[in-house]
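These notes are about the structure you will find just below.
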Number of protein chains: 2
Amino acid sequence: MMVEELDPRKKRILQAIIQEHIISASPIGSRTLAKKYNLDVSPATIRNEMADLEDLGYLEQPHTSAGRIPSDKGYRYYVDQLISRKKNEAPGVIENVENLYQDLQDVQDIISGMAKMLSNMTHYTAMVSEPKSQVSRLKKVEIMQLADNSLLLVLVTDTGMVNNKIINLDQSLSTAKISYLNKFLSEKLENKLLANLDTNYLKEVEKELLAKVDLSVDLFKQFYNEFEGAFEPGGVKVYLGGTSYILEQPEFNDLEKVKKMLKLLDQEEMLNKIINSISGSDLEIKIGQENEVEDIKNCSLVVATYYISERAVGKIGVIGPTRMEYPRVISSVDVISDILSKLISKASG
Amino acid sequence: MMVEELDPRKKRILQAIIQEHIISASPIGSRTLAKKYNLDVSPATIRNEMADLEDLGYLEQPHTSAGRIPSDKGYRYYVDQLISRKKNEAPGVIENVENLYQDLQDVQDIISGMAKMLSNMTHYTAMVSEPKSQVSRLKKVEIMQLADNSLLLVLVTDTGMVNNKIINLDQSLSTAKISYLNKFLSEKLENKLLANLDTNYLKEVEKELLAKVDLSVDLFKQFYNEFEGAFEPGGVKVYLGGTSYILEQPEFNDLEKVKKMLKLLDQEEMLNKIINSISGSDLEIKIGQENEVEDIKNCSLVVATYYISERAVGKIGVIGPTRMEYPRVISSVDVISDILSKLISKASG
DNA sequence: TGTTAGCACTCTCCTTAATCGAGTGCTAAA
DNA sequence: TTTAGCACTCGATTAAGGAGAGTGCTAACA
């Protein structure tokens, strides 16, 4: 899609229409525009310009005798050319939020807390993906005995994610065996990239282990299952915040649309698809049709990447109608993703 | 509220009205009733009976010239007197579900699986509370070292719930100290009722510990926090399934009502209040006004208790409009709560 | 040549009125 | 005690008639 250079007056008019539409959620006419914004020209002139902007694809007309609304292309131009992406939220916000959450040390808690925070700030639905397992290393693996024939397997990654699973056995293991197992597994698995701990590697480890000590095969099968979950590329959990905010948007006045949207947000795979369709850039905006997922082609996404010690690990963002308060949302997402990176880096030590 | 004995014809008519209303979701008139059900009397007679039933409080009239709808009292009579609470679902269901889920060994997975299952069966929103910590014992407490100054605290209850928390310290602990700590904590805390592990007791343990070994006070403060969460009576997590089913109910055709309901289900405390307001009986039904929580006085709850090895630990149930398919829902809740008890007892071994 | 005033025209939204139909309560007869 | 008949009620649906906001076009103007 070509991006023409617009003359200054067209720019001003486009910007005014978009800002007005973001507030009012309805088509904007030439008279309203002339009255509210000091454009120093008459409504008739504005009408001519609006017709031009429509021809260029920046505006749309719901029906002949209505005002104009921005098209996806219009929003794109607005976001790229007409607003400044300044990071400076009201000063103090950063410190406040950081203080508020600084005693959270559980990565999962931090993530869901930030999802809530972001949705509260923006009044749109927030989504945060868990740290990707692909790029994380297994920091700790430990088995502990719960009862005669039940064990607890604990896995901790260097991104701070903790997984645990109860394993029931058909035989009981001696304390000695367990501590041997722990030592063995530590050696073989810890500090390895999760991506490398695939079935092949695990099979090898199993072979080696069984050669050294007499154990039920069952145990290892259960290991597989637990690891598999961490492998699936689309299997990362996505945290939501403020789901009900979408109900406040006038574009979801229709019950059918609400239904569709809520069903969408219920499906974890969908969320994964949505958030993973965002490329690796620092702060990415997808407007309407630009989205790959069919069902959100009338929505916009503002998504940032967050980091653990400079390593890109997850995404945090906001989903709302294309008529979104981009400047405010962008700066909120920016700020919160920074805070998330900071908190999560600290927590995963 | 008095429960009169109704004559057989009134019973039949009340039952017919309720059944018809459950299907159609709209007021039922005398003509419809006479046509669809073989009541062997004319509409006029039915009208007289309906007027009587309204006087007795079993029916209501939305406006003068409409049919009748059941009142809360009417539903109550229906549930108590007019339907049989038989447990026998289509045979085979139990086995199927059990097989489907039998390899789940994680208690949290089982719970959320059963919530989904129940909501799929009933097409209403399902809610399941986690096993109460009050009645559970701490089965295992263990600290493991993740890095120089970060530890992982793992708590496992005999109800199979696993909690973990990362603890960051300002000092590093030697391996010897950690293993001493583990032994000490095991002795002092394991096999105790969680309800008894209150601040007082923990303070004592702390004193004793500090007398024996030189440790940062900080560590124990973090312990408190983790335990506190398990203490709060209202702090049990509630799992939901099929939230979007409420959108399919015609009584939630109004966007405002949907909004209210979804906001309600977003608040964990509310869910706790709702599910905890149900007394300890085996299978309890709350109809409309019978509910204590204001915002669901137009809803009905069907809630059963589930058990771990014969010990009542949690609730599982369904929330929907008062116009609910009680017979089907009751038998579903009954069956699923049994299965949940069985699975969870096995998993927490 | 770009800008503006004026005007006829269009299309949605809101209100009002009219009609339809399901259902009731009452009366009187069987 | 039951039933047929009938006038009446009230919500829901449809139709019609502005009101209002906005446009595009033409012609005049700086």
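In what follows, chains carry the letters A, B, and so on, assigned in the order in which the sequence lines appear, proteins first and then strands, with residues in each chain numbered from 1.
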Worksheet item: How many Å lie between CG on B:N48 and P on D:dT3, as a whole number?
Response: 10 Å
Discussion item. Between P on C:dG23 and CD on B:E54, what's the gap in Å once rounded to a whole number?
Written reply: 15 Å
Practice prompt. Return yes if a side-chain donor-acceptor contact under 3.5 Å exists between A:R323 and A:Q249, otherwise no.
Written response: yes
Worksheet item: Roughly how many Å is it from CE in B:M50 to C1' in C:dG23, rounded to a whole number?
Response: 9 Å
Worksheet entry | Heavy-atom donor-acceptor pair, B:E284 side chain to B:I278 backbone, under 3.5 Å | no
Discussion item. I'd like to check A:Y78 versus A:I83 (side-chain heavy atoms, cut-off strictly below 4.5 Å). Are they in contact?
Written reply: yes
Worksheet item: Does a donor on one side chain sit under 3.5 Å from an acceptor on the other, for A:Y58 and A:D52?
Response: no
Discussion item. Looking at D:dT23, I'd like to know if its phosphate oxygens (OP1 or OP2) sit under 4.0 Å from a side-chain N or O belonging to A:R68.
Written reply: yes
Worksheet item: Do you see a donor-acceptor pair shorter than 3.5 Å between the side chains of B:D72 and B:Y77?
Response: no
Worksheet item: Taking the side chain of B:R47 as heavy atoms from C-beta outward, which of D:dC25, C:dG25, D:dT3 is closest to it?
Response: C:dG25
Discussion item. From C-beta outward on B:H63, which listed nucleotide comes closest to its side chain: D:dT3, C:dG25, D:dC10?
Written reply: D:dC10
Discussion item. Rounding to an integer number of Å, can you tell me how far A:K35 NZ sits from D:dG20 P?
Written reply: 13 Å
Worksheet item: Heavy atom of residues 7-18 of chain B under 4.0 Å from DNA chain D: which residues?
Response: B:R9
Worksheet item: Roughly how many Å is it from CG in B:L39 to P in D:dT1, rounded to a whole number?
Response: 19 Å
Worksheet item: Pick the nucleotide of DNA chain D nearest each of A:G29 and A:A44; which residue has the one closer to the 5' end?
Response: A:G29
Worksheet, complete the sentence: The single option from B:N276, B:V128, B:L271 that satisfies side chain to side chain contact (heavy atoms under 4.5 Å, CB included) with B:V238 is B:L271
Response to the item:
Whole-Å distance, B:K36 NZ to C:dA22 P, equals 13 Å
Worksheet item: Is there a donor and acceptor pair closer than 3.5 Å between the side chain of A:R31 and the base of D:dG22?
Response: no
Worksheet item: 5'-most contact on DNA chain D: A:P27 or B:T45, nearest heavy atom basis?
Response: B:T45
Worksheet item: Do the side chain of B:S65 and the base of D:dT9 come within less than 3.5 angstrom through a donor-acceptor pair of N or O atoms?
Response: yes
Response to the item:
In A:V303, A:I274, A:I316, the residue satisfying side chain to side chain contact (heavy atoms under 4.5 Å, CB included) with A:M127 is A:I274
Practice prompt. Could you tell me the separation between the CD atom of A:E20 and the P atom of D:dG22, rounded to a whole number of Å?
Written response: 10 Å
Worksheet item: Hey, does the side chain of B:T64 come within less than 4.0 Å of D:dC10's phosphate (OP1/OP2), counting only N and O?
Response: yes
Practice prompt. Could you check how far CD of B:Q61 sits from C1' of C:dA22, rounded to whole Å?
Written response: 12 Å
